[in-house]
Every structure is written in C-alpha cells, then in structure tokens.
Amino acid sequence: MANLSDFMPHILPYVAGCSYPLAEQHLRNICIDFCMKAPIVQVSLDPVSVVANQREYDLEAPTGSVVHLILEAWFQGVPLSIYKTRDDLGINIATGMPTAIKQSAEQIFTLNYAPDYSVQDAITMNVSTKPAPNSTTVDDVLLNDYSYAIAMGTVSRLMMLPRQDFTDPVAAMTYLKTYEIERAEARIRAEASFGQVTSYVRPRSFI
C-alpha cells in the first residue's frame with residue numbers, strides 16, 4: 001500500500017501555502033473518484049461461507065478500502081449473475097441453489113435464493129475497491145501508474161477553493177482536463193484487462 005504522503009511532492013509545489021491536512025483531504029477524495037470512475041484496483045476477496053436460509057452477507061474489503069463493484073462471483077465454482085437494484089422487481093424468500101447476487105450500498109450483498117444448507121467458503125468473488133473515507137493509504141497501482149493524474153486532479157480541486165492564496169480557477173480547468181483524460185484511459189485499461197462489469201448484468205428481474 002502507498003501512503004497519501006507519497007503523492008504530496010507532486011501536489012504541494014502547485015499550491016503554495018496549502019496546509020497538509022487540506023491537501024490530504026482532497027487527495028483522498030480524488031483517489032476515491034478515480035477508483036469509482038476507473039475500476040483499476042481489483043482484488044479477489046476471501047471466500048464467504050453461507051448459512052442455511054440466509055440471503056444477506058457482508059462484503060469485507062481489505063483494510064483501508066471498501067468494495068465499489070462486484071465484478072465476478074461464483075457459488076461453489078458456478079458463476080453467479082450480477083444484478084443491480086433497478087433489476088429487483090420483487091423479493092423471493094424461497095431457498096435453493098443461488099444463481100444471482102446483488103450488491104447494496106451498505107457493503108452487503110444479497111443472494112436471489114437463500115441456500116437450503118450451510119457451506120464453508122462457498123462464495124468467491126472479484127471486486128473493484130476504492131479507498132475508505134478515512135484511509136491514509138491507497139493501493140500501490142494508484143501511486144505507481146497514476147500518481148501524476150491523481151496529483152493534477154487534486155491540484156485542480158484545491159485551486160477551485162475560494163479565497164485561498166493558491167486559488168486559480170483558470171489553471172484549475174487545465175489540470176482538471178489532464179486528470180479526466182488520464183482517468184478515462186485508466187477506465188479503458190481496466191475494462192480491456194478485466195472485462196466490463198455490465199457484461200454480467202442480465203435484463204430480467206432479481207428473484
């Protein structure tokens with residue numbers, strides 16, 4: 001994991017007089033935005049054991065991060081379809097072999113059918129993650145591959161702040177454009193390397 005402080009040499013020279021806590025706050029927010037728009041930080045979570053008649057389970061991301069999107073999931077090696085909230089047209093309380101999984105904002109996921117028996121390490125999944133709101137570290141790939149882009153995004157946000165010695169809305173737009181271009185390229189890289197999340201969404205109800 002990389003420390004947020006590792007990004008500061010690329011940020012603070014552009015915003016003379018900016019305090020470290022302020023720069024860190026906006027840097028963290030940019031890292032979160034980057035990971036939400038470009039799912040480049042991807043991990044395989046520890047297997048989840050299921051309990052008979054239970055549909056909801058916690059999503060446990062690595063320390064300092066939270067799950068942004070479930071990309072792939074399996075139940076005992078069998079792929080699960082991935083649904084979103086808008087696909088949920090009703091609730092089925094029946095038990096049986098799960099065939100689909102839905103992620104919720106509360107860092108939980110729900111199976112379409114509650115297993116009718118308990119299974120150890122039944123569910124495996126690949127997910128994209130983003131930094132937690134209070135994290136002081138981020139995945140190494142953000143520093144190693146995207147430190148300049150993330151720094152430019154941070155500088156842009158700081159320069160948009162009103163009544164600061166470093167306030168410069170015109171320059172901010174230039175740095176923002178650089179950040180957005182790099183973020184878009186990162187998204188393309190993520191989707192080309194790992195597959196698009198939308199390819200797992202089925203156009204039918206979550207039951």
Side-chain angles (χ1 to χ4, degrees), residues 1-45 59-72 82 84 103 105 107 125-200:
M1 299 293 283
N3 294 317
L4 291 181
S5 59
D6 295 331
F7 291 85
M8 291 305 174
H10 307 288
I11 297 171
L12 295 179
Y14 291 87
V15 285
C18 179
S19 68
Y20 184 94
L22 181 62
E24 183 182 79
Q25 173 190 337
H26 286 271
L27 169 59
R28 184 185 297 108
N29 290 340
I30 284 291
C31 287
I32 292 172
D33 175 76
F34 194 91
C35 291
M36 291 178 66
K37 302 290 175 53
I40 201 71
V41 181
Q42 306 196 6
V43 298
S44 296
L45 299 185
L59 280 168
E60 298 186 4
T63 301
S65 65
V66 296
V67 174
H68 176 51
L69 288 174
I70 298 174
L71 304 176
E72 302 174 292
I82 298 176
K84 295 184 180 180
Q103 180 181 351
Q107 291 295 291
M125 63 184 75
N126 295 330
V127 303
S128 69
T129 67
K130 60 183 178 181
N134 59 352
S135 177
T136 58
T137 60
V138 297
D139 191 274
D140 286 332
V141 70
L142 296 180
L143 177 66
N144 295 338
D145 293 6
Y146 302 105
S147 58
Y148 178 72
I150 289 171
M152 293 301 95
T154 306
V155 169
S156 174
R157 288 202 178 183
L158 289 168
M159 286 184 170
M160 289 298 293
L161 295 175
R163 298 184 297 277
Q164 304 292 327
D165 292 341
F166 46 83
T167 298
D168 190 341
V170 175
M173 297 308 297
T174 299
Y175 297 128
L176 177 62
K177 183 177 181 180
T178 298
Y179 168 69
E180 290 179 339
I181 290 172
E182 294 290 334
R183 188 184 63 190
E185 291 181 355
R187 182 183 180 90
I188 292 170
R189 172 188 174 189
E191 293 180 347
S193 299
F194 303 103
Q196 296 185 30
V197 176
T198 52
S199 67
Y200 297 96

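- Legend: salt bridge (Lys or Arg N to Asp or Glu O under 4.0 Å) pairs involving residues 10-20, not counting sequence neighbours: none detected.
- For Glu24, the side chain to side chain contact (heavy atoms under 4.5 Å, CB included) partners are Leu4, Met8, Tyr20, Arg28, not counting sequence neighbours.
- No side-chain heavy atom of Leu143 sits less than 4.5 Å from a side-chain heavy atom of Val138.
- Between the side chain of Ser65 and the backbone N or O of Pro62 there is at least one donor-acceptor pair closer than 3.5 Å.
- In this structure, Tyr175 and Tyr14 have perpendicular ring planes: the angle between them is above 60°, well past the 30° mark.
- Residues in residues 156-172 take part in no side chain to side chain donor-acceptor pair (under 3.5 Å) pair, two or more places apart or across chains.
- Closest non-hydrogen pair, Val127 versus Ile70, comes out as CG1-CA, 4.0 Å.
- With contacts defined as side-chain heavy-atom distances shorter than 4.5 Å, the pair Ser128/Leu71 qualifies.
- Shown here are the side chain to side chain contact (heavy atoms under 4.5 Å, CB included) partners of Thr63, two or more places apart in sequence or in another chain: there are none.
- Side-chain atoms of Thr129 and His68, non-hydrogen and from C-beta on, never get closer than 4.5 Å to each other.
- Annotation: ring pair (Phe, Tyr, Trp, His ring centres under 6.0 Å) contacts of Phe7 (sequence neighbours excluded): none.
- Closest of all the heavy-atom pairs between Met159 and Val15 is CG-CG1, 4.2 Å.
- Minimum heavy-atom separation, Thr154 to Ala23: CG2-O, 4.0 Å.
- In this structure, NZ in Lys37 is found 12.0 Å from CD1 in Ile32, a value given to the nearest 0.5 Å.
- Residues Ile30 and Ile150 share a closest heavy-atom pair of CG2-O, 3.6 Å.
- Within the structure, salt bridge (Lys or Arg N to Asp or Glu O under 4.0 Å) pairs that include any residue of residues 169-187 comprise Asp33-Arg183, Arg187-Glu191 (at least two apart or interchain).
- Taking both residues in full, the closest heavy atoms of Phe34 and Ile40 are given as CE2-CG2, 4.3 Å, listed atom of the first, atom of the second, then distance.
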Residue pair Leu158, Leu22: steps toward the side-chain contact (heavy atoms from CB on, under 4.5 Å) verdict: CA-CA 8 Å; Leu158 289 168; Leu22 181 62; 3.9 Å; yes

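- Thr137 is linked by a side chain to side chain contact (heavy atoms under 4.5 Å, CB included) to Met1, Asn3, Ser135, counting only residues two or more places apart in sequence or in another chain.
- Residue pairs that meet the salt bridge (Lys or Arg N to Asp or Glu O under 4.0 Å) test with at least one member in residues 127-146, sequence neighbours left out, are Asp145-Arg189.
- Looking at Pro131 and Cys35, their side chains come closer than 4.5 Å, going by heavy atoms from C-beta outward.
- Counting heavy atoms from C-beta outward, Gln42 and Asn126 have side chains that stay 4.5 Å or more apart.
- The side chain to side chain contact (heavy atoms under 4.5 Å, CB included) search around Thr178 returns Tyr148, Met152, not counting sequence neighbours.
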Intermediate values then yes/no, side-chain contact (heavy atoms from CB on, under 4.5 Å), His26 and Leu161: CA-CA 11 Å; His26 286 271; Leu161 295 175; 3.9 Å; yes

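- Residues satisfying the ring pair (Phe, Tyr, Trp, His ring centres under 6.0 Å) test with Tyr179, not counting sequence neighbours, are none.
- The minimum heavy-atom distance between Ala61 and Leu45, with the atom names listed, is CA-CD2, 4.2 Å.
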